[in-house]
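In listed order, ligands and their atoms are each counted from 1.
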Amino acid sequence: MAGAASVVRREVKGSVAFLKLDNPPVNAMSHALRAALKQALDAAIADHNVSAIVLIGAGRTFIAGADISEFGKPRAEPLTPTLIATIEAAPKPVIAAIAGVAFGGGLELAMGCHYRIAAPDARVGQPEVKLGLIPGAGGTQRLPRLVGLAKALDMICGGDPITAAEARELGLIDEIAPGPLEDAAAAMAERLVRDKAPLRRVRDLPGPKAEAEAVTRYRSGLDRRRRGAIAPLRCAETVEASATLPFDQGLAKERDIFIELVGSEQAKAQRYFFFAERAAAKVRDLADDAPAAPVARAAVLGAGTMGGGIAMCFANAGIPVTLIDTGREALERGLATVRRNYQSARGMSEDEVERRMKLIAPSLDWGDVGAADVVIEAVFEDLALKQEVFKKLDAITKPGAIVATNTSYQDVDQIAAATAHPERVLGMHFFSPANVMRLVEVVRGAKTAKPVLASALALSRKLRKVPVTVGVCYGFVGNRMLSLRSRAVERLLLEGALPQEIDAALVGFGFPMGPLAAADLAGLDVGFRARKARGTVFPIADAICEAGRFGQKTNAGYYHYESGSRAPLADPEVERIIAGIAARMGVRRRTIGAAEIVERTMLPMVNEGARILEEKIAQRPSDIDVIWVYGYGWPVYRGGPMFYADSIGLRDVAATLAEQARKLDDAALAPAPLLARLAGEGKGFHDLVDG
Ligand code: 3H9
C-alpha cells in the first residue's frame, strides 16, 4: 500500500505547484489519496511562493473516481466534497489537468477546480449510475450548471463518457492542450495569474433552465429503458433539482440520495458486478500478461446471421476480414444484411458505412482462409459438418492460425479431434446479434494451447467484447442453464400460466424481454429440430411448431403478430392448444402468480450453475453471472443468478428446490451436491475460494 506521502507528489515549476496524484493503476480516490491531497492542497494554498496549483495524474490517467472497494465501509474525512470546498475557497487558481479519464468523483473534483484543461484523447463522465449510484460530490449540481440540463441528464442517467473535444464544445473543459499536457497546464496557470483572471466557481453559476418539455421526454424514455433499476430515476430527480433549488439545497438533496443508494441492494449488486467483470478476464493458469498473437486479418466461414454479425465485429475494430460462404446467393444475402445493419446504426455516416464494408471482403473460395491469423467457423449447427470443415481448414490455414468454432452446443473437443492440430482449436461463442451483444464464451478444449487461449481472449477484448473462459459441455454455461429455464417455462405453461403471464413476470424481474416473446423473435423451428434430433419432447413447444407457428417469421408463435408488426399479441388459439394438451395429459390448470413463475424459472438455473461449478466448466460463480448479464440480459442490479441466489440465501434456495423436486416428481430439480453442501454450512457461492 502506498504511503500518504507518495500518493501525492508536489513539484514546483516557477510559481506553479503541480500536485501529482499517483495511486496506480487508475488513481481511484481512496482515503489515502484524499488525505494526501488535502494535506498537499492546504500546504500549497498557504505557501506564498505558489501563485497557482495544478492537479494532474502522475501516470496515464487523472482520476477514475471514488475507490469502489471502499463503498459500504465507514466513510472517513477528508471526503471528496471537503476537498472541493478547500479548492473553491482557495485564493489562487486551482486547475485540473486531465489526461486519460476523469470519471465520477474525478470529474466532480475537476468541476470543483476553477479551470479545466485536457489532453485531446481524454474522456470525462459520471458513470456512477452503472454502480447503482448517483454522483455524490456535487456532480448532479455542477454538471448541469456547465452543460445545461438536457446534456447533464444524458450524461448522469446514462453514465457514458464524452470525449475531450465534446467536453470543450459544451464548456465543461476550458482548453484542450495543444502539446504535452503538463506544459500546457503550466502555460495556462501562468496566464491566469498574469491576467489576474477571476477564480471561477461553478457553484456560483446560475442554475440551468428548467426545460420542462425535454425533462418530460427524457423521463418517459428512461422509464422504458431502466427495467426496474432505481439509480437512473434518482439521478434524474437530483439533476432536475439543479434547476429549481439553490446550489446548497441541491447538494444536500444529492448527499441524502447518494447515502441512501450506497447502502441499497441494487448498488451492492452492481459493485459486485464491477469486480466480477474484471475477475472474469483472469484465467487461473494463465498469466495476466501472457503473450497474445496479433491478428492482422481474420476470416469468417458462413455468411448467415451469426457469421455476418461476427464479420461486423472485426470491421468495427478495424480488422480486415474475409467473409466466406460456399453459395453465392447466401454470401450476397449476408453482405446485404451487414450493409443494412450499418445503415440503420444511429449516427453512422454513409462514408463510415462504406469504410466498414470495405473491410469485409466477400469470398466463395475457402482457400482465402490462408491469409487469416484467426478463422471463425459459423456454419450450420451440425457436428459432422463442423468436423468436416475443420479437417479441411487444417490443410489450408496458416501455420499457427487460431481456428475457432462459434458453435452454441457442439463438443469442441470432438471438433478439434478432427484436425491434426487440436491445440489450435477452441470455441468462440458469440451471442446474437453478434455485433451488439458483449459476451463471448471462450470455450477451452482439452487440448487448446495456452497461447491460443490467451490470443482468443486478447482478440475478444480488441473486438470490445467481454470474454469469459468456459469448459466443454453441452451448451457450455449460458445455454446449458437456459435449457433449464426452457423446461420450467414449458411446465408452467402446462400447469396454467399463459405466455403473456410468464413474459410479464420475467420482464418484471428485469429482463428486457420475456422468454416466449424472445423465442418468437429468434424463431421456434431451430429448437424444434434440435429437440427432435435429441429425442426430447416438449409437448407444448412441439404442438405450437406442429401448428406451423414458428414465431415472428410466420406471424404466429406463442403470440399472434399483425402483419408487419413485431408487437406480440396474446392469442386465444395458443391458449386452446395448451389447454388441449393439458387435458390430454390429465393436468388440471390453475392460476400461477408472478412470484412462483420467477422462482420456478430462476432457481433451477442456479442449481445448474452449481453443477457447472462442480464440474469446473466455469472457473468461479461470478463468471456465470457475467455470462448471464452480458449474454442474456439478466438485470445487472440483481448481480447475476449466483449472486441472486446468495442474496436470497442458499438455505432457502435449497429448500425451495427440494420442494419443487418433490411436487413435480423431478429428481433433476433436487439441490445439486455443491448447493446442498454450501446451504448446509450456512455459506453462499461467494464463499467459494477463487484461486
Ligand atoms: C464515484 O466516483 C462516486 C462519486 O460520485 C462519489 C464521491 C464521493 N475503484 O477496468 P480496468 C481497478 S463512483 C477501485 O481493468 P481499464 C479495477 O478493478 C466511481 N478500483 O482497466 C482493476 O483492478 P484489477 C466512478 C478500480 O484500463 C484496475 O483498476 N468511477 C476503480 O480497462 C484496472 O481497471 C467508475 O465507475 C475504482 N474506481 O479501464 C470508473 N476503477 O487490475 C470505473 C478501476 O485488480 N473504472 N479499478 O482487476 C473504469 O471505468 C475503468 O476501470 C477505467 C480503466 C476506464 C478507469
of all protein heavy atoms, closest to atom 55 (C) of ligand 1 is F103 CE1, 3.8 Å

Would you call F103 and Q126 a side-chain contact if the rule is heavy atoms closer than 4.5 Å? no

Using the side-chain contact (heavy atoms from CB on, under 4.5 Å) definition, which of the options L426, T469, I402 pairs with T448? L426

Suppose I only count heavy atoms of L131 and a 4.0 Å limit; which atoms of ligand 1 are within that range? 13 (S), 19 (C), 36 (O)

Hey, is ligand 1 close enough to R123 that some N/O pair sits below 3.5 Å? no

Selection from E254, R278, M29 by shortest heavy-atom distance to atom 49 (C) of ligand 1: R278

Only heavy atoms count here, so choose which of A66, G106, G138, P127 is nearest to atom 2 (O) of ligand 1. A66

Give the residue, atom name and distance (to 0.1 Å) of the protein heavy atom nearest atom 9 (N) of ligand 1. I68 N, 2.9 Å

Residue pair V54 / A189: nearest heavy atoms and the distance that separates them: CG2-CB, 4.4 Å

Protein residue, atom and distance nearest to atom 20 (N) of ligand 1, heavy-atom basis: F275 CE2, 4.3 Å

Run the numbers for me: atoms of ligand 1, each under 4.0 Å from some heavy atom of P135, listed by number. 5 (O)

Would you call I63 and M29 a side-chain contact if the rule is heavy atoms closer than 4.5 Å? yes

Applying the ring pair (Phe, Tyr, Trp, His ring centres under 6.0 Å) criterion to F273, which one of F643, Y630, W628 satisfies it? Y630

Examine distances only and state if a side-chain atom of K20 and a backbone atom of V7 form a donor-acceptor pair shorter than 3.5 Å. no

Any N or O on F258 sitting closer than 3.5 Å to an N or O of ligand 1? no

Any N or O of F274 that comes nearer than 3.5 Å to an N or O of ligand 1? no

For the atom pair CH2 (W634) and CE (M642), what is the distance rounded to the nearest 0.5 Å? 10.0 Å

Would you say the ring centers of Y637 and Y272 fall short of 6.0 Å from each other? no

With heavy atoms of E128 as the reference, note each atom of ligand 1 found under 4.0 Å away. 1 (C), 2 (O), 3 (C), 4 (C), 5 (O), 13 (S)

Atom 41 (N) of ligand 1 has as its nearest protein heavy atom V26 CG2, 3.5 Å

For ligand 1, which atoms have a heavy atom of D67 less than 4.0 angstrom away? 9 (N), 14 (C)

Residue-level breakdown please: for L133 versus ligand 1, do any non-hydrogen atoms fall below 4.0 Å on the side chain, on the backbone, on both, or on neither? neither

Quick one: does G139 get within less than 4.0 Å of ligand 1, heavy atoms only? no

Starting from atom 28 (C) of ligand 1, what is the nearest protein heavy atom, named by residue and atom, and what distance separates them? P25 CG, 3.6 Å

Does an N or O from P81, backbone or side chain, lie closer than 3.5 Å to an N or O of ligand 1? no

Could you tell me whether R255 and ligand 1 have an N or O pair separated by under 3.5 Å? no

Looking at F431 versus Y632, is the centre-to-centre ring distance below 6.0 Å? yes

Here the atoms of ligand 1 under 4.0 Å from any heavy atom belonging to A28 are 9 (N), 37 (C)

Which of these passes side-chain contact (heavy atoms from CB on, under 4.5 Å) with V470: I612, I624, V442, I627? I627

Specify the closest pair of heavy atoms between A280 and D623, including all atoms of both residues, with the distance to one decimal. CA-OD1, 3.4 Å

Could you check if a side-chain atom of S432 sits within less than 4.5 angstrom of a side-chain atom of M437, using non-hydrogen atoms only? no

Do you know which two heavy atoms are closest between E108 and G139, and how far apart they sit? OE2-N, 2.8 Å

Kindly indicate whether the side chain of L457, heavy atoms from C-beta on, has any atom under 4.5 Å from the side chain of L286. yes

Would you please determine whether Q126 falls within less than 4.0 Å of ligand 1 on a heavy-atom basis? no

If I apply the N/O under 3.5 Å rule, does A64 come out as touching ligand 1? yes

Atoms of ligand 1 under 4.0 Å from any heavy atom of G65, numbered from 1 in the order shown, are 2 (O)

A student comparing R461, R60, K282 should find that the heavy atom closest to atom 42 (O) of ligand 1 comes from K282

